[in-house]
Amino acid sequence: MLFQYKSLNFNRFRVFQLTGSLLLAVFFSLQLSAQQELMLHSLPDVWHSTATNPAFFPEDKHFAIGLPGIGLDAAHSGEVSYKDIFVKSDGRTQIDFTNALAKLDPVNTVFFEQRIETASVGFRLPGKIWLQAGHANRLSGAITYPKTLPSMIWDGNAQYIGQTVDIALQTDISNWNEWSVGLAKGFGNFNIGARAKYLSGITSLLTDANRQKATITTSDDIYQLSLSTDYAFYSSSLISAFDTAGLGFDLTIGELHGKAFSKNTGFAFDLGVQYKVNEQITLDLAVLDLGGKITWKEQSNYFASQGDYQYDGVTLPGADIINGSDSLDFATKLDTLNDIFKFKKTAQEFETTLPLRGYLGGNYAFGSRWIFGLGAYFQKRAEEKATVAVGASARWKPLKWFSLGAMYSVNERSAANLGFHLVFKPGPVQLYFASDNVLNAFTVKSSPAVNFRTGLSLIF
Amino acid sequence: MHKRISFPLALAITLGIALWSACKKSDFQDVELGDHTAEFAFPLFTSDLLLKDLLFSTLNDTLSGDTVFVNADNTMTLFYSGDVAEKPASDIFKFLENPLPIPLYDSVIINPISAPGGVTIRVADILSGNIGFVLNNTTPDTLSGYFEVPQMSLQGVSFKVSFVVPPNVTWNSGPLSLAGYHLESSNNTLTFKYFAYRPDGVRVRIPMPGGFDVLAITFGLKFTYVEGYWGFQWYQLTRDTIEIDINQTELKGDLKVKNPKVVMRISNSWGFPTRGQIKYLSFIGQQGEEIPLISTGVFEHDSFDYKDFAYPSWALNEVGQTKYTDITLDSSNSNIADIFNSQPTRLIYEVDGISNAQLDPNLIGFITDKSTIKLQLRVELLLEGSIKNFGAEQVLNLDFGEFGSLDSADVEEVEFKLVTENGTPISSDVQIYFRDASGQYIDSLFLGGPKELIRAAPIDANGVASGITRTEEFIPMSAARFDNISKAKDAFLKTSFTTANGGETFVKLLATDKIVVKMGMKVKKRL
């Protein structure tokens, strides 16, 4: 499954192969997904926007069928883009970290949120009640890694002679199926909605926040290598073996195919309100994934490495060498590094917490063709500080079946996000494309971040 | 209506294709790692070398007589020892071991003890051996009687053996053990008697027409103690050569040993005075020239230098003791220091022994069956001195293991880092020549001659290393050279040593002095 780092002839380099494989896995995760959804949230008449607030239900509509939709929000800290890593050479894609390394910060984070809505359905019932149900597949992850990790893998450890470098990466990645049932009710100008979600976990990789130490020291004496670890992670249905018994490291990755239901279960709740102040102004607030947790039971293991490992090279018996009874044998113990990590695998259930998300918005309708809005989004992952994005949008409806709009938003990584959307509503069909950042939506390969949302639905 | 719908659908499809193509799976088909160069650094080896081990290895490999002795203060003394010359008592006792027939021409025979010249035995204790008697009755009568050796007694009873011999019959006593008998003789003689009687009681003397009709035969006699007079007697004790191999390398250098010594030890349990006569005592120089070891106040002199060895005295009842005589020739009483500055290659010596050299006519001495006189001469070199460019060579076996079969095509360059941490007061210039399985030269570690890889540790006022000097040497190497060298099977190490301050200061070498040699490697490789 994983890309195999090009084989080196020195067994002692295999420690770098292992970490290389992990790092490459991180970047490959970008291909799985490529979501802040401020723009979608500003389109409450689009069926899929109910994902951002369960109180949303398109006005004057009675029945909705949600067809597939995908939303992706991914970014790498700094300015590293896809093209910095994946380069074309003779028609083939090659991984080349040379450019990327120059753009990395001392500590880097990759995060990605992907939502694939396979199907959903909604009904309007008498008494201003709306029912909805649906299925979505979600991938949510964040990986934090030090620049020294890819740098050491790519350029070798000689650049760090006399230094102790951190090679530990932190991950919190989960992929799950989400089965939801929602109910909304209107009370005059006030709508309130709630949605319960049954979560069925597919895969998860979670590093232990209390055990995040992995360092390599290359001595400035004769380059003795010291590795110190107190590092551990949980995995469910992703890494099944971490074998250091052989000459190298065999990381066995589980299949990533999704299963509709599994023993990895949990629940989450969405709550939302919408208040129509008057004919022009509408306000809304939603909190998503409240209490969201998944308990991972299937192929769930705890992998831990703890210890200090020192490689000083071969110790030669000086007197024996001089008197000829022994050799200057450089072959001895060359494989010592193979077992430095010594990950111990223990079957263990674990729990992951879904990031808590929230939307706050307000729209002002200016005539029949213009709508102006303000929106805010926040997300809070366990063990991480909350991130917040705010934006201001304008929407123009030149035709009944077509609208387009723009948004300026500010988020943690950029104060220059110009978003846009296109919505086509021919008849019962709703087709939309929205992005919080129009530039990177069409230049995925050359941007350090990508954000878009698209989907199709039928609404009557 | 139809037209209004088809436009947005077409636009949507176009957008969809544009977006998905950005992440199309084909980008990751057969993805491979781009070519790049990485540089890895890792340790190769560490080796501790105690000076003691180094000396044992380099000095004890060819000559068995060499010994490095670690003194209580951790200084080391190098001994070059000669063979132990030994004169055991058995050399003296041999005179009665062979069968000795004594014809008894008369009924009383006084037979001299056949001791070595100048030796008069007056008391002896027999350890083992036998005596036998033969009597051929040449008379017409049956004879009965006994033989007697009155000077030999066991628990105070003189030796006697009876016989009854018919006429014309030869009687043989067979071997009679003398173990435990005590012999006393006042004049270095033994008296043998026989008493033969006819049936009528008349004592007769047996005619001996054949000359050997009445015999006493001793054989295999060994003594535990012999006492008597020891007169002047000369004998060769030893002639030997001691190789000074520290000066026998092909390489030249200036070696100065601060206080070389030649020590002669004589252990003596012979109970009479012995003089050691120094017939020859000279070193042989680098060119084969003889360099006499001249001393003052050590030896007496007549025609040769000599020394009277200490001995256990009979008069002082020192039987069984061993007395030692140590003769030391050093810079205070001889020219040995000057001789060693010229790095002699061997010492040749010849010593003879003379008993009762003073010709004391009243000297009573003794020997026991365990008495011996031993002489050993050795050269003692306390490893304190100075050396300048003193050469040594060593062949080191090599096994590069994986590196020997390393595909060096992608190796761009290699750099070795050789570090020494020297706790000895010795510097060393080193060159290593790599050789293939057939001993053919492949390459050398350093281009342009040896390098000072080991720098002397600082020394205190006593010349003892008082710290550690670290030396780092970076040895860059092209891929081609590395490839070549990695196939070497041995390394010919050629080194020259110089003590602190350029070899101008005397230093002490301690057994605990240590050199740490370690090597790391950086490899720049295309991946």
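Each chain gets a letter, A, B and so on, in the order the sequences are listed, and its residues count up from 1. Please read these numbers as outputs of a predicted model, since none were measured by experiment.
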Could you check if a side-chain atom of A:Y223 sits within less than 4.5 angstrom of a side-chain atom of B:M521, using non-hydrogen atoms only? no

Pairwise side-chain contact, A:D221 with B:R470, heavy-atom cut-off 4.5 Å (strictly under): yes

Locate the shortest heavy-atom distance separating B:F40 from A:N157; write the atom from each residue and the value. CA-OD1, 3.1 Å

At what distance, to the nearest 0.5 angstrom, does OG1 of A:T218 lie from NZ of B:K522? 11.0 Å

Counting N and O atoms only, with roles assigned by atom type, does the side chain of [X] sit under 3.5 Å from a partner on the main chain of [Y], one being a donor and the other an acceptor?
| X | Y | answer |
| --- | --- | --- |
| A:D155 | B:A38 | no |
| B:H36 | A:D96 | no |
| B:K518 | A:I222 | no |

Would you say that more than 12 heavy atoms from the other residues, nucleotides or ligands in this model lie under 6.0 Å from the NZ of B:K417, or not? yes

